[in-house]
Amino acid sequence: MAYRAEPPDGGWGWMVVLSAFFQSALVFGVLRSFGVFFVEFVAAFEEPAARVSWIASIGIAVQQFGSPVGSALSTKFGPRPVVMTGGILAALGMLLASFATSLTHLYLSIGLLSGSGWALTFTPTLACLSRYFSRRRSLATGLALTGVGLSSFAFAPLFQWLLNHYAWRGALLLVSALSLHLVACGALLRPLSLAEDPVVGGPGAQITSLLRHGPFLRYTVALTLINTGYFIPYVHLVAHLRDLGWDPLPAAFLLSVAAISDLVGRVASGWLGDAVPGPVARLLMLWTTLTGVILALYPVAEAPTGLVALTVAYGFTSGALTPVAFSVLPELVGTGKIYCGLGLVQMVESIGGLLGAPLSGYLRDVTGNYTASFVVAGTFLLAGSGVLITLPHFFCFSAPTSRPQDHVTEALDTKVPLPEEGLGED
Amino acid sequence: MRALQGLRGPRAPALPLFLLCFLAAVRRSLEDGLSTAAPFTSLPVQEEITTKYSNLSSESHNISVTAAPYTSLPVQEEMMTKYSNLSLESHNISMTVEQSNMPVEKNITLERPSNVELTCQFTTSGDLNSVNVTWKKGDKLLEDNYLVNATGSILYTQYRVAVIGSKQMGSYSCFFGEKKQHRGTFNLKVPEINGKNKPLITYVGDSVVLMCKCQDCLPLNWTWYGVNGSVQVPIGVPVNDKYVISGKHANETRLKITQLSEDDQGTYWCHAIFELGESEGHVELVVLSYLVPLKAFCAIVAEVVLLVTAILLFEMYTQKKKKPSGDGKEFEQGEQMKLDDSNGIENSGPRHRKNESVGQ
């Protein structure tokens, strides 16, 4: 069997970008636009909005905590079968939800079943993408992640239209059919055999070695801190603006503007991440620090122009840090362990995400306005960027970064014979 | 002070008028703060009287001093005393000569019986006394119960009515001028009911709750009607539990329909009954069968299956092309064989370094 020395950086890789684009659209776009369904659920089941919003929370939690499972499975079987199964699970969850007669059914079908389906799709796809690209990794990741933003624009009106014509049961049925496209996206993920695959061993071995890897652990801590602060403005920006006296329509419009600048930030940062030499962790630190500073400035801005400028800047920088965050990992752990690495990171950082919004809400309830929560969010981001400084090769300007080839040589020198001799063992 | 029967009808005899003047003078000596600029002033005195005695229910005040001799005050005052425990609502319309072409309207929402005072103000630079003032309810000319007063350059006219039933609801208009060219209208209405503007979509076998709501009012009763053809059919006692009428608060009503079928499709009307009349709202119900979205679902699933097959076939085809001698079943392991040729090995960039020891 032939193993590639380096990732192809193009060719079929662009089809993987396309697949990742649609997948992030179908997973996160659907999750973000689900708010449209909530109003219908509240009316149909006569339950309060807080209980209905648990559906999305359970879905997100299962998707994030299930990431390591998805990663481990794709290490063993390759991403394609795992993602296709995930797509079927996600669609099945929505299908069953359309027959629901109580809120518990929705928790189980959308939350648990679709959530597990999503867990099996998103992380393996991004990891696969990282394996296909090395020089243009950040750009590819940035382009793929634009799917999230664009789909939120498209899906919210689409879901509303579906609701108006088919009511929520029919609309869920059709969203299930839409989610089935995840299977098609999975089919595009041709497995790639890189040189260090046989070296790094199966998923169990990978996970144990990762948990002992210092830089990886520090990176996980940094991302968790960043994640805690990252979501707060998305959740509370509109409420903060309303507190300051804005009307709902301009506030929602400002959020759309932030979403657009988020998109631009993702692509620009992706391109920048590849163009600038040296460890990508530095760029991540730059964007994280900027985002933290902007968040801390939020309480100070009172005038509308100041708020608009801050929001646009926040959208740009927070969008900019996402592709770079994904690109740092392969440099740290190598493309061989990327599946498991990404899965673990997603699982741990989701704790930050789950804590961030309620913490911010609690601070608001205690202090009466959003000043404290914005400042705390900024602090978390700055703390995360501080931890990033401890990553290896951070301050080297000309030395090579940790590359997959390094891991291979290391491992090869110590352990196993050359792959030409037909090592097919996983 | 003994009350006297006052003037009635369009023409007043001279003697009672003299008596009234005397009585007015007597009143003046008994009360303070009464404005007695002219014995024929109307509004201020009248208002004083009404407010002073509005909490009494068994006296009738029949002193009528008016600017225009052919308005009768006592009728109004009698009504005011009979229903003096009702609330008083006042509404104004002001008009000027310039606005003559635009009829001025005001909508007044009344929920329970009350005394209503409608005032029209007319500003003109001409001679006020020559302006003719009339009131109409709908098309019927009203002959009593209203007053006219002129102060400075503004002409006031006020109509009072005790609204106790649906007969007193409707449109009241004040007209100024010989040809009745200046008009102000007060529309007395019962509160509006909100149903739903968008149609409710449901499926066969499902159940649905239709709701009608009233913003700030409390109807006495609610009734629901379904439409059969163009006739409204009341929905009465539930049969087989199919229809259940309930309502959590007094200002809303809910109709729950279970076991929906396509016959239940159509418009449903909810009527709110007030003391002063009825008001209605409507909700449209659409019942679809499951086949409608199911067809779309199957179409999309078929499309996905096609896509997946196409992608996998394309891959098999390119694999076969790369390995002309290869067997088809090599596909399983063939997945491991990377398409080195097609993807090409990229040249070194800032992050790339070819490692000879691993080179193929």
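Residue numbers begin at 1 in each chain, while the letters A, B, ... track the order of the sequences. None of these values were measured; they are calculated from a predicted model.
- Of the possible polar contacts, one joining the B/Tyr203 side chain to the A/Tyr166 backbone as a donor-acceptor pair under 3.5 Å is found.
- B/Ile201 contributes atom CD1, which lies 9.5 Å from atom CG of A/Leu163 (distance to the nearest 0.5 angstrom).
- For B/Arg112, the CZ atom counts as loosely surrounded, since its 6.0 Å shell holds 12 or fewer non-hydrogen atoms of other residues, nucleotides or ligands.
- A/Glu46 has no carboxylate O lying under 4.0 Å from a charged side-chain N of B/Lys256, or vice versa, which leaves the two without a salt bridge.
- Separation of atoms CZ (B/Phe297) and CE (A/Met94) is listed at 12.0 Å; rounding is to 0.5 Å.
- Contacts between A/Met84 and chain B at a heavy-atom distance below 4.5 Å involve the side chain alone, from C-beta outward.
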Evaluation steps, side chain to side chain contact (heavy atoms under 4.5 Å, CB included), between A/His181 and B/Val308: CA-CA 9 Å; A/His181 285 88; B/Val308 175; over 6 Å; no
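- Atom CD1 of B/Ile311 is separated from atom CZ of A/Arg190 by 9.5 Å, given to the nearest 0.5 angstrom.
- Both the backbone and the side chain of B/Leu294 come within contact range of chain A, each with at least one heavy atom under 4.5 Å from a heavy atom of that chain.
- Contact of the A/Leu178 side chain with the B/Ile300 side chain is not registered, since no non-hydrogen atoms from C-beta on lie closer than 4.5 Å.
- For B/Glu278, the CD atom sits in a packed shell: over 12 heavy atoms of surrounding residues, nucleotides or ligands are nearer than 6.0 Å.
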Criterion side chain to side chain contact (heavy atoms under 4.5 Å, CB included) on A/Arg169 and B/Asp206, from CA distance to verdict: CA-CA 10 Å; A/Arg169 288 189 194 272; B/Asp206 229 352; 3.3 Å; yes
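- Note: A/Trp12 CH2 to B/Thr318 OG1 = 7.0 Å, rounded to the nearest 0.5 Å.
- For A/Leu162, no part lies near chain B; criterion is any non-hydrogen pair under 4.5 Å.
- The contact between A/Ser98 and chain B is made entirely by backbone atoms, counting heavy-atom distances below 4.5 Å.
- The environment of CH2 in A/Trp271 is sparse: at most 12 heavy-atom neighbours from other residues, nucleotides or ligands sit within 6.0 Å.
- Around CZ of A/Phe22, the count of heavy atoms belonging to other residues, nucleotides or ligands within 6.0 Å does not exceed 12.
- Shortest non-hydrogen contact noted between B/Val304 and A/Ala177 is CG2-O, 4.4 Å.
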